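As the structure is a computational prediction, the values presented were derived from the model and not from experiment. Order of listing sets the numbers, starting from 1, for every ligand and every atom in it.
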Amino acid sequence: MPSYNNIYLSPPHMVGTEQNFIADAFNSNWIAPNGPNVIGFENDLKAYLGGHKHIVALNTGTSSLHLALELLNVSTGDEVICQSFTFTASANPITYLGAVPVFVDSETDTWNMSPELLEVALEHRIKHYKKPKAIIVVDLYGMPHKSDEINAIASKFDIPLIEDSAGALGSTYFGEKCGTLSSMGVLSFNGNKIITTSAGGALIVNQENIKDKAIFLSTQAKGNAPHYEHSSIGYNYRMSNVLAGIGRGQIEVIDERVNTRRKNFKFYKDSLSEFDFIEFLKEPKGFLSNRWITCMLTNSYELREKIRISLLKDKIESRPLWKPLHLQPIFKDCLCFLNGVSEDLFNRGLCLPSGSNLSDDDLNRIINNIFKTLKQD
Ligand SMILES: *Cc1c(COP(=O)(O)O)cnc(C)c1O
């Protein structure tokens, strides 16, 4: 009887070199936020993202989104358009500022925000209330959103766009890195993401002076006086120098991580190709997904659940696709512009274990389990 390990959806995958950077932090006693690893990690990210953007390393992806909205002066009474098909952290920061999310459904090509519905939503809100203060679009599960179309609409209505690229580091859109596709981008380095700092995030902006303001706000908005003068409300959102050390080790292997996740995706897709009722999201021409999470679409809720429960019995973690935010109890009173796409994906879709440290044995164990369920069906 083999002793079965638990297989998780997307566990951390350490390189080993992280510890050198952490040792530097300890040896120099830079345990506080800020410090050489933070600056180093920002420079590494900047270079990786093409060198034309400014990066602020923060303590989570959620706080990075919060700060992005704060920098756009979102406040009480404002509306912010947000993709409905996403993790709740994409929309929660809207409410931290007293603003209200308005949800827009997805399109089938990318599972991200539908450009057509976005336009409908904007026209409606401008006619019946006022111009939304910002738009949050997501590169869900690593798949880039339709950047040209969404950017064109955002510019037409002159509304700032925030790209929630928390799960999409390493993905590209016609060669451009996700996170850099609009005026503001957000990354996450949470433990489940493609690379991790244990907990962490980053805000990506276009201008040095916006970066400076973000750093100011993320370090308690301390005014220039020996006693700390405060003329705005700040936050304690800067990345720790110890955790940035983990990031410096991790970013060195980002390309390998993308390759491995893409290989996982291909393994699942090829292994299940004989079942024509099982589908996987294709990359539109010019889109490259880091395949952070491999998502499988079945043809029914019942089959999805059968597969999930059978995996669970074998200590294999899987998870339904995100429950659209317009269906979440916390957002039940929010306006939404729908076409049924995200609800259908939620009903039929399953996230499969996608870690870059899955062994061949793990992958075979997962696929054999899914096969068993599909053959019964
Ligand atoms: C992970 C994630 C976040 C939140 O990032 P944290 O670093 O965990 O706060 C936000 N949006 C999406 C789409 C995510 O996947």
Side-chain angles (χ1 to χ4, degrees), residues 8-12 33 41 45 55-70 80-96 101 103-104 106 110-113 134-145 150 161-171 178-179 181-182 184-204 214 218 235-240 243-244 246-247 250-251 257 261 281 289-295 319-326 328 330-331 342 345-346 349 351 354-355:
Y8 297 106
L9 205 59
S10 184
F41 187 45
L45 283 167
I55 319 297
V56 190
L58 298 167
N59 61 356
T60 63
T62 309
S63 58
S64 308
L65 274 162
H66 186 189
L67 220 50
L69 293 166
E70 172 81 56
V80 173
I81 303 269
C82 184
Q83 184 165 319
S84 182
F85 193 43
T86 182
F87 180 46
T88 189
S90 301
N92 283 347
I94 300 168
T95 68
Y96 303 166
F103 294 110
V104 171
S106 287
T110 63
W111 299 358
N112 291 314
M113 189 183 280
I135 301 164
I136 300 173
V137 69
V138 186
D139 303 314
L140 204 65
Y141 301 120
M143 180 62 76
H145 67 283
I150 300 278
L161 185 61
I162 300 169
E163 181 187 11
D164 178 353
S165 207
L169 185 65
S171 300
C178 281
L181 301 177
S182 52
M184 282 181 165
V186 165
L187 300 173
S188 167
F189 308 106
N190 196 44
N192 60 338
K193 300 303 201 275
I194 191 158
I195 64 167
T196 184
T197 58
S198 160
L203 178 62
I204 302 165
S218 72
Y235 301 92
N236 189 2
Y237 278 177
R238 197 73 165 123
M239 183 178 277
S240 131
L243 300 189
I246 304 178
Q250 290 265 299
I251 187 91
R257 296 296 186 255
R261 298 240 178 195
L281 181 59
S289 169
N290 66 6
R291 299 294 187 188
W292 168 48
I293 301 285
T294 291
C295 305
R319 189 175 306 147
L321 300 193
W322 297 124
K323 180 170 184 173
L325 296 184
H326 71 270
Q328 293 286 3
I330 46 170
F331 295 125
S342 62
L345 293 169
F346 168 58
C351 298
S354 301

Distances for all N or O pairs of ligand 1 and the protein under 3.5 Å?
{"from": "ligand 1", "atom 1": "5 (O)", "to": "S188", "atom 2": "OG", "distance (Å)": "3.3"}
{"from": "ligand 1", "atom 1": "7 (O)", "to": "G61", "atom 2": "N", "distance (Å)": "2.7"}
{"from": "ligand 1", "atom 1": "7 (O)", "to": "S188", "atom 2": "OG", "distance (Å)": "2.7"}
{"from": "ligand 1", "atom 1": "9 (O)", "to": "G61", "atom 2": "N", "distance (Å)": "3.3"}
{"from": "ligand 1", "atom 1": "9 (O)", "to": "T62", "atom 2": "N", "distance (Å)": "2.9"}
{"from": "ligand 1", "atom 1": "9 (O)", "to": "T62", "atom 2": "OG1", "distance (Å)": "2.5"}
{"from": "ligand 1", "atom 1": "11 (N)", "to": "D164", "atom 2": "OD1", "distance (Å)": "3.3"}
{"from": "ligand 1", "atom 1": "11 (N)", "to": "D164", "atom 2": "OD2", "distance (Å)": "2.8"}
{"from": "ligand 1", "atom 1": "15 (O)", "to": "K193", "atom 2": "NZ", "distance (Å)": "3.3"}

(request) Report the residues that fulfil side chain to side chain contact (heavy atoms under 4.5 Å, CB included) with S90, sequence neighbours left out, ordered by chain and then residue number. (result) C82, T86, V138, D164
(request) Answer yes or no: does atom CZ of F346 have more than 12 heavy-atom neighbours from other residues, nucleotides or ligands under 6.0 Å? (result) yes
(request) Kindly compute the distance separating CE (M239) from OG1 (T197), expressed to the nearest 0.5 Å. (result) 4.0 Å
(request) Please list, chain by chain and in numerical order, all residues satisfying side chain to side chain contact (heavy atoms under 4.5 Å, CB included) with N59, sequence neighbours excluded. (result) S63, Y237
(request) Go through the structure and list residues passing salt bridge (charged side-chain N to carboxylate O under 4.0 Å, His left out) with R238, not counting sequence neighbours. (result) E42
(request) Fit a plane to each ring of Y141 and F85, take the angle between them on a 0 to 90° scale, and name the class: parallel (under 30°), tilted (30 to 60°) or perpendicular (over 60°). (result) perpendicular
